[in-house]
Novice: 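After the structure tokens below, expect a handful of questions from me.
In each ligand, atom 1 is the first atom listed, and ligand 1 is the first ligand listed.
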Amino acid sequence: MNDGPVAGVTTPAFVRFQGVSVRYGEGPESVLALQSADLSFAAGDFVCIVGPSGCGKTTMMQTLAGFLTPTSGTVSVDGRAVDGPGPDRGVVFQQPALFPWMTVRANAGFGPRMRGENPRMAAERVERWLRTTGLWDFRDRYPYELSGGMQQRLAIARALCNEPRLLLMDEPFGALDALTRERMQEELHAVWRRTGMTVVFITHSVEEAVYLGTEVVVMSPRPGRIVERIATPFARGAAEENIRTVKSRPDFIALRERVLSLIWGMEDPEA
Ligand code: ADP
Ligand code: MG
């Protein structure tokens, strides 16, 4: 959107959705899940997408991940049209999709191993991310031996081991208890600040979105549309402040309520 010519130079957005629509099925039974989505943002942004269930959040992310081809429109990353999944985009789902027969360490190192990376360098990266996510002491365990929160941390560590330029997360903390969830929000925030990667994060929690995002994108259902983009200052501004301190600030609460009021009443009775 803010990517027009500047002083004779065109700076392409890092991620760009142009008129992206997705229709599931055909004929009268078909569902227009996403209607003419236009959204672009820069490298290093942390974009949070919120909206009632069924508004097309997952659909939109699947087109960016390359798992789903839009019915019309284009999605591009760094000036190149998305035409399938790729290691430049890491994906974390709501339910961790781990390999149950592999240890924690083998799960984390799956991507680098598949790409035939230098094993020593890959092992160093696996260790770093397992330590960051508090899983190093569990490196020889199997997923079934981990709690739900630990499994989700492993899914995140595995995505980060690929060092994706773009991390796509679809309600990744939805199944976590409140305390673990806030810890994960802080950890993810720290990783984002340290690496400068670009994150697209879908959540049901407006509070989570306002805390984590540099921008909150609000969608409405049937058909799914982007209705508002709100710049949020807390991700970059209050980096060193405690998470509870940030979330208790009057300016944080005011912005959270503003986003909530946009979603209020949008809930689709048919969804
Ligand atoms: P959200 O992630 O915001 O909850 P989704 O993108 O999952 O929304 O779904 C948007 C709409 O598309 C919903 O009405 C949903 O029922 C429909 N939908 C999603 N996936 C499919 C599918 N594979 N086939 C048919 N309809 C689908
Ligand atoms: Mg969804």
Side-chain angles (χ1 to χ4, degrees), residues 15-41 46-75 77 82-85 89-98 148 151-152 155-156 159 166-176 181 184-185 188 198-213 215-230 232 256 259-271:
V15 172
R16 178 184 260 186
F17 292 84
Q18 281 175 293
V20 176
S21 297
V22 173
R23 182 178 289 280
Y24 290 108
E26 280 169 26
E29 300 289 290
S30 70
V31 175
L32 185 57
L34 189 63
Q35 186 177 45
S36 316
D38 287 304
L39 180 69
S40 50
F41 47 88
F46 196 126
V47 178
C48 289
I49 302 178
V50 298
S53 51
C55 70
K57 303 182 293 297
T58 295
T59 298
M60 193 169 163
M61 184 170 283
Q62 300 281 29
T63 65
L64 180 53
F67 297 142
L68 185 68
T69 305
T71 311
S72 58
T74 55
V75 184
V77 176
V82 169
D83 63 357
R89 283 151 290 145
V91 184
V92 178
F93 300 103
Q94 182 166 9
Q95 298 300 329
L98 301 169
Q151 290 181 7
Q152 192 55 282
I156 292 165
L166 185 53
L167 182 62
L168 311 179
M169 307 182 92
D170 192 351
E171 300 187 31
F173 304 153
L176 304 180
R181 186 171 188 150
M184 290 299 295
Q185 290 172 2
L188 176 64
T198 310
V199 183
V200 182
F201 189 99
I202 294 175
T203 177
H204 263 117
S205 163
V206 169
E207 183 186 83
E208 184 169 80
V210 172
Y211 173 75
L212 287 174
E215 168 178 354
V216 176
V217 174
V218 181
M219 294 181 65
S220 76
R222 287 188 190 249
R225 279 169 300 122
I226 294 170
V227 291
E228 188 113 21
R229 300 176 65 175
I230 297 159
T232 37
R256 184 194 70 199
V259 177
L260 269 173
S261 69
L262 287 169
I263 299 172
W264 202 255
M266 251 188 217
E267 207 73 47
D268 183 352
E270 289 174 58

Novice: Ignoring waters, how many protein N/O/S atoms are under 2.8 Å from the Mg ion (ligand 2)?
Specialist: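 If we list every protein N, O or S atom nearer than 2.8 Å to the Mg ion (ligand 2), we get 1.
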
Novice: Got L167 and L188 here, is their nearest side-chain heavy-atom distance under 4.5 Å?
Specialist: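 Yes, side chains in contact.
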
Novice: Does any pair with a residue in residues 20-35 pass side-chain hydrogen bond (donor to acceptor under 3.5 Å, both in side chains), and if so which ones, sequence neighbours excluded?
Specialist: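 Qualifying pairs: R23-S30, Y24-T59.
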
Novice: Work out which heavy atom in L212 is nearest to a heavy atom in F46; give both atom names and the distance.
Specialist: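 Between these two residues, the closest heavy atoms are O-CG, 3.5 Å.
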
Novice: Determine whether V200 and V15 make a side-chain contact, defined as any pair of heavy atoms from C-beta on separated by less than 4.5 Å.
Specialist: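 No, every pair of side-chain atoms sits at 4.5 Å or beyond.
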
Novice: Taking the side chain as every heavy atom from C-beta outward, state whether H204 and P52 have any pair of such atoms under 4.5 Å apart.
Specialist: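 No. Closest side-chain heavy atoms not under 4.5 Å.
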
Novice: Less than 4.5 Å apart, side chain to side chain, heavy atoms only: is that true for L166 and L64?
Specialist: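 The answer is yes, as the side chains (C-beta and beyond) meet within the 4.5 Å cut-off.
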
Novice: What I'd like to find out is whether the side chain of V217 reaches to under 4.5 Å of the side chain of L39, using heavy atoms alone.
Specialist: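 They are in contact (side-chain heavy atoms under 4.5 Å apart), so the answer is yes.
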
Novice: What short N/O contacts, under 3.5 Å, does ligand 1 make with the protein, listed by atom pair and distance?
Specialist:
unit_1, atom_1, unit_2, atom_2, d
ligand 1, 2 (O), T58, N, 2.9
ligand 1, 2 (O), T58, OG1, 2.8
ligand 1, 3 (O), C55, N, 3.2
ligand 1, 3 (O), G56, N, 3.1
ligand 1, 3 (O), K57, N, 2.9
ligand 1, 3 (O), K57, NZ, 2.9
ligand 1, 4 (O), G54, N, 2.7
ligand 1, 6 (O), T59, N, 2.9
ligand 1, 6 (O), T59, OG1, 2.5
ligand 1, 8 (O), G56, N, 3.2

Novice: Quick check: do V259 and V218 have side-chain heavy atoms less than 4.5 Å from each other?
Specialist: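 A side-chain contact under 4.5 Å exists here.
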
Novice: Among residues at least two apart in sequence or on other chains, which ones pass ring-ring contact (aromatic ring centres under 6.0 Å, His included) with F17?
Specialist: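 With sequence neighbours excluded, F17 shows a ring-ring contact (aromatic ring centres under 6.0 Å, His included) to no residue whatsoever.
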
